[in-house]
Protein chains: 2
Amino acid sequence: MVIEEEKFRGKIQAIQDTMYVLGGKWKLPIILSIFGGNKRFNEISKSIPNITNRVLSKELKHLEENLLIKRTVIDDYPVRIEYTVTAYCFGIEKVVKQMESWGKKHREKLGLK
Amino acid sequence: MVIEEEKFRGKIQAIQDTMYVLGGKWKLPIILSIFGGNKRFNEISKSIPNITNRVLSKELKHLEENLLIKRTVIDDYPVRIEYTVTAYCFGIEKVVKQMESWGKKHREKLGLK
DNA sequence: GATACTTGTATCCTAAAGGATACTTATTCT
DNA sequence: AGAATAAGTATCCTTTAGGATACAAGTATC
């Protein structure tokens, strides 16, 4: 029973960790946008409906701290910034796929447009 | 390009829907607890570290509204309440597995205990 | 010289999530 | 009678998430 308990606590922790890193309304949409080829701040901003500059800025930092994206300063005139996904980021692919797939099914289940 | 755009918006929506239903710190741990055999309010409460009654109560309602769990009144003396997962709830299995698996890897990556 | 664009930051605010503690109503146990 | 258990609810509070709007520093364009 103690072993079972420990396993269960481990599961809870793993899920809460994932939620901390990828949870919320914007983190995954931002990653998808960058993954889809958007590199510049304003490109990303325009590609995601209703996101504000402030939120985008904060979330980009969070994602960089968690090693999922990389911020590169291109020292051209004018200086540009490029965001790209890291190799490590590819590890979330299955999570994202499953979430996308379940979200679609759930929307149909509820009969929303 | 317009088609691509629409696909992308659809992905964002699906992920945001999933986050709405399953996101946050407690919803999945609660489902796991019930799935693991805990049926009664206090059983569930004790099985999840640090959750409060108030939060558990609110989350149970949210999960019931979203068709993932069922609340049954057992009309015995004394009246008992039993929570169980629905058949529909089994559909989230893959999402949860992936989140659990990624969370474990990420914790190792960051070198936390 | 005035205006616009880029990548944000600053300020202020509202809403949602989460937490601490106490209490209730009814039964059953000692 | 007094204490314990069950399944929450009530109140109040703090923290985090998210949003609106304005602005800044530098270069480029008209």
Side-chain angles (χ1 to χ4, degrees), chain A residues 12-13 15-34 37-66 68-84 99, chain B residues 12-13 15-34 37-66 68-84 99:
Chain A
I12 290 180
Q13 189 176 57
I15 284 166
Q16 287 182 340
D17 285 350
T18 301
M19 278 299 177
Y20 175 75
V21 180
L22 302 178
K25 200 171 167 184
W26 301 113
K27 294 179 195 77
L28 287 176
I30 290 168
I31 290 176
L32 282 184
S33 172
I34 298 174
N38 296 307
K39 291 177 185 312
R40 316 284 301 277
F41 189 91
N42 281 345
E43 276 175 3
I44 301 165
S45 173
K46 275 170 205 154
S47 75
I48 302 171
N50 304 317
I51 197 167
T52 66
N53 280 2
R54 181 180 171 281
V55 169
L56 179 55
S57 175
K58 285 187 86 170
E59 297 290 52
L60 285 170
K61 271 176 198 156
H62 172 97
L63 293 173
E64 203 191 348
E65 278 162 14
N66 282 280
L68 295 168
I69 64 172
K70 190 172 171 351
R71 179 183 188 272
T72 311
V73 180
I74 310 263
D75 212 355
D76 210 353
Y77 294 105
V79 170
R80 279 170 300 135
I81 311 292
E82 281 192 4
Y83 291 95
T84 45
M99 289 185 62
Chain B
I12 291 178
Q13 189 175 56
I15 284 166
Q16 289 183 338
D17 284 351
T18 300
M19 279 298 178
Y20 175 74
V21 180
L22 302 179
K25 200 171 167 183
W26 302 112
K27 295 180 193 76
L28 288 176
I30 291 167
I31 289 175
L32 282 185
S33 173
I34 299 174
N38 297 308
K39 291 177 185 313
R40 317 283 299 279
F41 189 91
N42 283 343
E43 277 175 4
I44 301 165
S45 173
K46 277 170 205 154
S47 74
I48 302 171
N50 303 317
I51 197 167
T52 66
N53 281 1
R54 181 180 170 281
V55 168
L56 178 55
S57 174
K58 285 185 85 171
E59 298 288 52
L60 285 169
K61 272 176 196 155
H62 172 97
L63 293 172
E64 203 192 346
E65 279 163 14
N66 283 279
L68 295 168
I69 65 172
K70 191 171 171 350
R71 180 184 188 273
T72 311
V73 179
I74 311 263
D75 211 354
D76 210 352
Y77 296 104
V79 171
R80 280 170 299 137
I81 310 292
E82 282 192 5
Y83 292 95
T84 45
M99 288 185 63

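In this structure, the CD1 atom of B/I44 is 9 Å from the P atom of D/dA7, given to the nearest Å. Distance B/K39 NZ to D/dG8 P: 15 Å, rounded to the nearest Å. Per the geometry, NE2 belonging to A/H62 stands 15 Å off C1' belonging to D/dG18, to the nearest Å. Atom OH of B/Y20 is separated from atom P of C/dA15 by 16 Å (rounded to the nearest Å). Straight-line distance from the CD1 atom of B/I69 to the P atom of D/dA7: 14 Å, rounded to whole Å. Atoms CE (A/M19) and C1' (D/dA17) sit 15 Å apart, rounded to a whole Å. For the pair A/N50 CG and D/dG19 P, the computed distance is 8 Å after rounding to whole Å. Put simply, CD1 on A/I48 is 12 Å from P on D/dG18, counting in whole angstrom units.
At a threshold of 4.0 angstrom between heavy atoms, the contacts of B/E82 with the nucleic acid are absent.
The side-chain hydrogen bond (donor to acceptor under 3.5 Å, both in side chains) test applied to B/T18 returns no partner, not counting sequence neighbours.
Of all non-hydrogen atoms in B/I51 and B/S45, the two that sit nearest each other are CG2-O, 3.7 Å.
Two residues are said to be in side-chain contact when any heavy atoms from C-beta on lie closer than 4.5 Å; A/L68 and A/L22 meet this criterion. For the pair B/I81/B/F41, no side-chain contact is recorded, criterion being any heavy-atom separation below 4.5 Å from C-beta on. A/Y20 is listed as a side-chain neighbour of A/H62, based on a closest heavy-atom distance under 4.5 Å.
The distance from atom OG1 of A/T52 to atom NZ of A/K58, rounded to the nearest 0.5 Å, is 10.0 Å.
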Open item on the list: Output one letter per nucleotide in nucleotides 4-14 of chain C: B when a protein non-hydrogen atom lies under 4.0 Å from the base, S when only the sugar-phosphate is that close, - when neither is.
Closed with: --SBBB-BB--
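In this structure, A/K27 contributes its side chain and A/G23 its backbone to a donor-acceptor pair below 3.5 Å. When atom types are taken as modelled, the side chain of A/E82 and the backbone of A/T72 share no donor-acceptor pair closer than 3.5 angstrom. No donor-acceptor distance shorter than 3.5 angstrom exists from the side chain of A/E59 to the backbone of A/V55, with no hydrogens or angles considered.
Against DNA chain C, the stretch residues 22-30 of chain B makes heavy-atom approaches under 4.0 Å through B/G24, B/K25, B/W26.
Searching all strands for a Watson-Crick or G-U wobble partner of D/dC30 with both distances below 3.5 Å returns C/dG1.
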